[in-house]
Visitor: 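Just dropping this structure here.
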Amino acid sequence: MAQASRLWFEPVLDTWRTWIEDPRFDELDCEAQALCGLAVTVTDSLTMRDALIMMLIMGTDHGSGEEIMEFAVHPHTRASGDAMGRMLTEAFDDPQARPDCVRVERGIAALEQCAQVVPDQYCAQPLAMAAYACWWIGDARAMPMAMQAVAMDDDATLAGIVIAALLRDIHPAWLCMPKAPKEACTAGEAM
């Protein structure tokens with residue numbers, strides 16, 4: 001099972017990495033087949049979805065490709081759970097853990113393009129991922145994207161989490177610093 005998951009996830013992970021790390025990235029250049037592969041993957045496997053989110057928000061300093069692969073393929077091992085918990089807690093609670101907003105924006109653009117290209121039944125998870133990424137960087141597009149994801153699939157729990165966090169005014173620590181402007185990430189308006 002793990003080997004099959006690895007074979008399925010590897011090309012999606014490689015494409016995702018290319019999209020979010022390439023400074024010349026243009027979402028309009030994303031191949032429809034790759035966007036469909038992404039949408040099917042994140043819809044059918046929430047652990048793979050979460051691994052792609054980790055790669056997006058943690059940046060290149062955290063989480064090697066192999067560690068991300070482990071999150072996706074062996075999500076229930078103690079090592080994967082501990083590593084993911086540690087990385088997310090650090091990123092959420094540390095006011096100095098500022099995300100690479102350009103990288104995150106590339107991911108959001110790819111996810112938005114994905115939602116425009118794929119059939120409706122595969123749009124909710126890409127939109128929920130984009131909403132989460134927007135929430136993570138303080139982008140006001142988070143709420144409308146999350147609402148759209150829930151409207152398309154009321155089981156889109158990640159979108160529900162984003163909505164609940166926004167309604168409770170919960171944000172990553174880096175956005176709550178007194179001297180950190182919430183509009184630090186350039187695209188979209190800050191919350």
Visitor: Could you tell me whether the side chain of Trp19 and the main chain of Asp26 form a donor-acceptor pair under 3.5 Å?
Guide: no
Visitor: Taking all non-hydrogen atoms of both residues, which atom of Asp153 and which atom of Ala124 are closest, and how far apart?
Guide: CB-CB, 3.5 Å
Visitor: Do Val40 and Leu38 share a hydrophobic cluster (ILVMFWY, side-chain heavy atoms under 4.5 Å, transitive)?
Guide: no
Visitor: Let me confirm one number: the CD1-CD distance from Ile53 to Gln125, rounded to the nearest 0.5 Å.
Guide: 8.0 Å
Visitor: Main chain of Gly160, side chain of Thr157: is a donor-acceptor contact present, judged purely on distance under 3.5 Å?
Guide: no
Visitor: Just verifying a value: how many Å separate Cys30 SG and Leu35 CG, rounded to the nearest 0.5 Å?
Guide: 5.0 Å
Visitor: Hey, any chance Tyr132 and Leu166 share a hydrophobic cluster, counting ILVMFWY side chains that come within less than 4.5 Å of each other, even indirectly?
Guide: yes
Visitor: Quick check: do Thr43 and Gln121 have side-chain heavy atoms less than 4.5 Å from each other?
Guide: no
Visitor: Can a donor-acceptor pair be found, under 3.5 Å and without considering hydrogens, that links the side chain of Thr41 to the backbone of Gly37?
Guide: yes
Visitor: Any heavy-atom pair between the side chains of Trp8 and Ser45 that's under 4.5 Å?
Guide: yes
Visitor: Would you say Leu111 ends up clustered with Val12 if hydrophobic residues are merged whenever their side chains have heavy atoms under 4.5 Å apart, either directly or through other cluster members?
Guide: yes
Visitor: Would a distance-only check, ignoring hydrogens and angles, find a side-chain to backbone donor-acceptor pair under 3.5 Å from Trp16 to Leu52?
Guide: yes
Visitor: So, taking the atom named CZ in Arg141 and the one named CD in Glu112, what distance separates them when rounded to the nearest 0.5 Å?
Guide: 5.0 Å
Visitor: Take atom CE of Met147 as the centre, draw a 6.0 Å sphere, and report whether it contains more than 12 heavy atoms from other residues, nucleotides or ligands.
Guide: no
Visitor: Has the side chain of Trp135 got a donor or acceptor atom that lies under 3.5 Å from a matching backbone atom of Ile170?
Guide: yes
Visitor: Check whether any side-chain N or O of Arg49 sits under 3.5 Å from a backbone N or O of Val42 as a donor-acceptor pair, and report yes or no.
Guide: no
Visitor: Is it true that Glu10 and Arg17 have a side-chain N and a carboxylate O under 4.0 angstrom from each other?
Guide: no
Visitor: Search all heavy atoms of Ile57 against all heavy atoms of Val104 and return the closest pair with its distance.
Guide: CA-CG2, 4.5 Å
Visitor: Let's go through Met129 and Leu56 carefully: what are the C-alpha distance in whole Å and the side-chain angles of both, what is the deciding distance for side chain to side chain contact (heavy atoms under 4.5 Å, CB included) to 0.1 Å, and is it a yes or a no?
Guide: CA-CA 10 Å; Met129 290 173 69; Leu56 180 64; over 6 Å; no
Visitor: Less than 4.5 Å apart, any side-chain heavy atom of Trp174 and any of Pro99?
Guide: yes
Visitor: Minimum heavy-atom separation for Ala146 and Ala131, please, with both atom names.
Guide: N-CB, 3.5 Å
Visitor: For the hydrophobic clusters of this structure (ILVMFWY residues joined by side-chain heavy atoms under 4.5 Å, transitively), does one cluster hold both Leu127 and Leu167?
Guide: no
Visitor: Could you give the distance from CD (Gln116) to SG (Cys123), rounded to the nearest 0.5 Å?
Guide: 9.0 Å
Visitor: Between atom CZ of Arg106 and atom CG of Asp100, what is the distance when rounded to the nearest 0.5 Å?
Guide: 7.0 Å
Visitor: If every non-hydrogen atom of Phe9 is compared with every non-hydrogen atom of Ala51, which pair is closest and at what distance?
Guide: CZ-CB, 4.0 Å
Visitor: Does Arg103 form a side chain to side chain contact (heavy atoms under 4.5 Å, CB included) with Met55? I'd like the steps, not just the answer.
Guide: CA-CA 10 Å; Arg103 175 189 179 94; Met55 178 172 260; 3.5 Å; yes
Visitor: To the nearest 0.5 Å, tell me how far Ile68 CD1 sits from Met48 CE.
Guide: 13.0 Å
Visitor: Under a 4.5 Å side-chain heavy-atom rule over Ile, Leu, Val, Met, Phe, Trp and Tyr, are Tyr122 and Leu158 clustered together?
Guide: no
Visitor: Write down the atom of Ala130, the atom of Ile108, and the distance for their closest heavy-atom approach.
Guide: O-CG1, 4.2 Å
Visitor: Looking at Thr15 and Ala34, what are the two nearest heavy atoms and their distance?
Guide: CG2-CB, 4.0 Å
Visitor: Between Val150 and Gln148, is any pair of side-chain heavy atoms under 4.5 Å apart?
Guide: no
